[in-house]
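No hydrogens, no waters, no symmetry mates; every other heavy atom, side chains included, goes into these values. Along the sequence shown, residues are numbered consecutively beginning with 1.
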Amino acid sequence: MTAMWQGCLADTDYFELRSGGGHDYGVWVTTPPGYDPATTPAPAVYVMDGNWAVGMTAPLIVTQLDPMEQIQPYVQVSVGYAGEEAQHWARLRNRDLVPPGEPVAPELIEAVEKAFQAGAMTREAADAYLAELRDTQADAFLGFLTTELHPRIERDYGTAATGHGLFGYSYGGLFTLYTWLSGCTLFESVGAGSPGVAGADSQVFAQLDEMGESERAARLHVTFNARELLGDLAVYQSITKNTATLLHRLTSRGGAVTSAILDETHVTGLQASFLSYLRTCRAR
């Protein structure tokens, strides 16, 4: 990175990688203070929505030096979009982070239409946003993370063999829920912040049914925001209600599932959710 960006995101490298499916991704890798993989290799924590999230989450790597937090060392890998596609990250994420066959909730369509009417989105941008939800490919993106990106991170950054984590927020949280429910064995802890479970017919409920009485080895930590539930936007109300329903079903089974309610909005909750994940799943 340039000297200017190093001053903002210390110990952070950036590279671009084309997936086997032909998509270009931007990857920010932030190493712990004084990281020496030869003596103390650290596991990787993958963070979704890198174009948005890296600036708010990567600086929290200093918690590993905070004597009052005692966070286990980790290498943060923030994954986003590269080149011309970077400006369209907010819609491209729909393709990569949403489970295949996920129904498009009416509340979401309504929210997009309201954004257009309020001037927050052009008609073209609103249509393109919804179009990406017609062919969602979280399965392909998960394959990219586990079989293409992770081997490179292992090779170039000498990460530990175990202890890896995964964090996502909003649709990123829906993706991490999907990953956890799928039984992916790469990650030992998963954080799902305000997961975009917009409809009661979400694929994650079908996954839960398919899971039956089996257990997942990875630890799951879910957060959502009180101001989402108490606000007047139907899509955020639906997300919190459906997430709570999912949590009730999961916790009634037992297992390593934890949760927290944060006093944030959907937009402001990202950093607080990531910190909650670190404190809950990655404490010493």
Side-chain angles (χ1 to χ4, degrees), residues 1-21 23-66 69-83 86 89 96-97 140-169 172 175-176 179-180 184-191 218-219 270-271 274-275 277-279 281-284:
M1 299 181 73
T2 65
M4 178 184 71
W5 285 114
Q6 269 295 1
C8 299
L9 295 174
D11 302 311
T12 298
D13 299 328
Y14 174 79
F15 65 88
E16 297 177 0
L17 182 63
R18 173 161 290 189
S19 72
H23 302 306
D24 293 322
Y25 295 100
V27 182
W28 295 258
V29 182
T30 307
T31 52
Y35 182 54
D36 183 0
T39 57
T40 53
V45 171
Y46 290 84
V47 175
M48 303 299 95
D49 289 318
N51 304 89
W52 174 43
V54 66
M56 288 184 279
T57 58
L60 290 176
I61 207 152
V62 299
T63 57
Q64 298 173 38
L65 294 178
D66 187 341
E69 285 290 355
Q70 297 291 295
I71 301 299
Q72 298 175 28
Y74 63 90
V75 173
Q76 179 165 330
V77 183
S78 307
V79 186
Y81 299 94
W89 69 268
D96 288 338
L97 301 178
F141 183 65
L142 178 57
F144 164 71
L145 288 183
T146 57
T147 66
E148 298 181 59
L149 178 57
H150 184 66
R152 175 162 176 173
I153 297 299
E154 281 187 307
R155 182 194 71 210
D156 293 353
Y157 293 91
T159 51
T162 60
H164 306 300
L166 177 69
F167 174 83
Y169 188 82
F175 173 76
T176 59
T179 299
W180 185 84
C184 177
T185 58
L186 176 60
F187 308 109
E188 294 187 11
S189 65
V190 173
R219 183 170 187 176
L270 168 63
Q271 188 180 64
F274 184 61
L275 187 54
Y277 160 72
L278 292 180
R279 287 169 167 162
C281 296
R282 308 203 66 84
R284 291 183 186 272

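Here the shortest heavy-atom pairing between Thr176 and Gly191 reads OG1-O, 3.1 Å. In terms of heavy-atom proximity, Ser189 sits nearest to Ala218 at N-CB, 4.4 Å. Contact record, Gly20 with Glu148: N-OE1, 2.8 Å, taken as the closest heavy-atom pair. Heavy atoms only, all atoms of each residue included: Thr40 and Tyr35 are closest at O-CE1, 3.5 Å. Taking each heavy atom of Glu16 and Gly83 in turn, the nearest pair found is OE2-N, 4.1 Å. Across every non-hydrogen atom of Ala58 and Thr30, the tightest pair is CB-OG1, 3.6 Å.
Annotation: Phe175 is in aromatic contact with Phe141 [ring centroid separation under 6.0 Å].
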*side-chain contact (heavy atoms from CB on, under 4.5 Å) between Thr31 and Ile61: does it pass, once the steps are laid out?*
CA-CA 8 Å; Thr31 52; Ile61 207 152; 5.9 Å; no
_Test log, rule side-chain contact (heavy atoms from CB on, under 4.5 Å), inputs Met48 and Leu97_ = CA-CA 9 Å; Met48 303 299 95; Leu97 301 178; 4.1 Å; yes
*Just do the side-chain contact (heavy atoms from CB on, under 4.5 Å) check on Val29 and Gln76 with the steps written out, would you?*
CA-CA 6 Å; Val29 182; Gln76 179 165 330; over 6 Å; no
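Atom CG in Asn51 sits 11.5 Å away from atom OH in Tyr25 (nearest 0.5 Å). Rounding to the nearest 0.5 Å gives a distance of 8.0 Å between SG of Cys184 and CG of Leu166. Note that the CG atom of Asp66 and the CG atom of Leu60 stand 10.5 Å from one another [nearest 0.5 Å]. Taken to the nearest 0.5 Å, the CD atom of Glu188 stands 11.5 Å off from the SG atom of Cys281. A distance of 9.0 Å separates OG1 in Thr57 from CG in Leu9, rounded to the nearest 0.5 Å. The CG atom of Leu186 sits 6.5 Å away from atom OG1 of Thr146, with the distance rounded to the nearest 0.5 Å.
In this structure, Arg284 and Pro73 have side chains that are in contact, with non-hydrogen atoms separated by less than 4.5 Å. You'll find the side chain of Val77 reaches within 4.5 Å of the side chain of Leu149, heavy atoms only. Leu145 places a side-chain heavy atom less than 4.5 Å from the side chain of Val79. Looking at heavy atoms from C-beta onward, Tyr14 lies out of side-chain contact with Val27 at the 4.5 angstrom threshold. For the pair Tyr277/Val190, no side-chain contact is recorded, criterion being any heavy-atom separation below 4.5 Å from C-beta on. A heavy-atom distance below 4.5 Å is not found between the side chains of Trp28 and Phe15. The shortest side-chain heavy-atom distance between Tyr169 and Val47 does not fall under the 4.5 Å cut-off. By the 4.5 Å heavy-atom criterion applied to side chains, Tyr74 and Pro32 are not counted as neighbours.
The aromatic rings of Tyr46 and Phe187 sit perpendicular to each other, their planes meeting at more than 60°, with 30° as the lower class boundary.
Here Glu69 pairs with Arg279 in a salt bridge; the nearest charged N to carboxylate O distance falls below 4.0 Å.
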Side chains of residues 157-165: which donor-acceptor pairs under 3.5 Å do they make with residues two or more places apart or in other chains?
from: Tyr157; atom 1: OH; to: Asp13; atom 2: OD2; distance (Å): 2.9
from: His164; atom 1: ND1; to: Ala44; atom 2: N; distance (Å): 2.9
from: His164; atom 1: NE2; to: Ala160; atom 2: O; distance (Å): 3.1

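Under a 3.5 Å cut-off, the side chain of Thr63 and the backbone N or O of Ile71 do not form any donor-acceptor pair. The backbone N or O of Met56 sits less than 3.5 Å from a side-chain atom of Gln271, completing a donor-acceptor pair.
In summary, the side chains of His23 and Tyr81 do not present any donor paired with an acceptor at a separation below 3.5 Å, with no hydrogens or angles considered.
The cationic atom of Arg282 (NZ for Lys, CZ for Arg) does not lie both less than 6.0 Å from the six-membered ring centre of Phe167 and within 45° of the ring axis.
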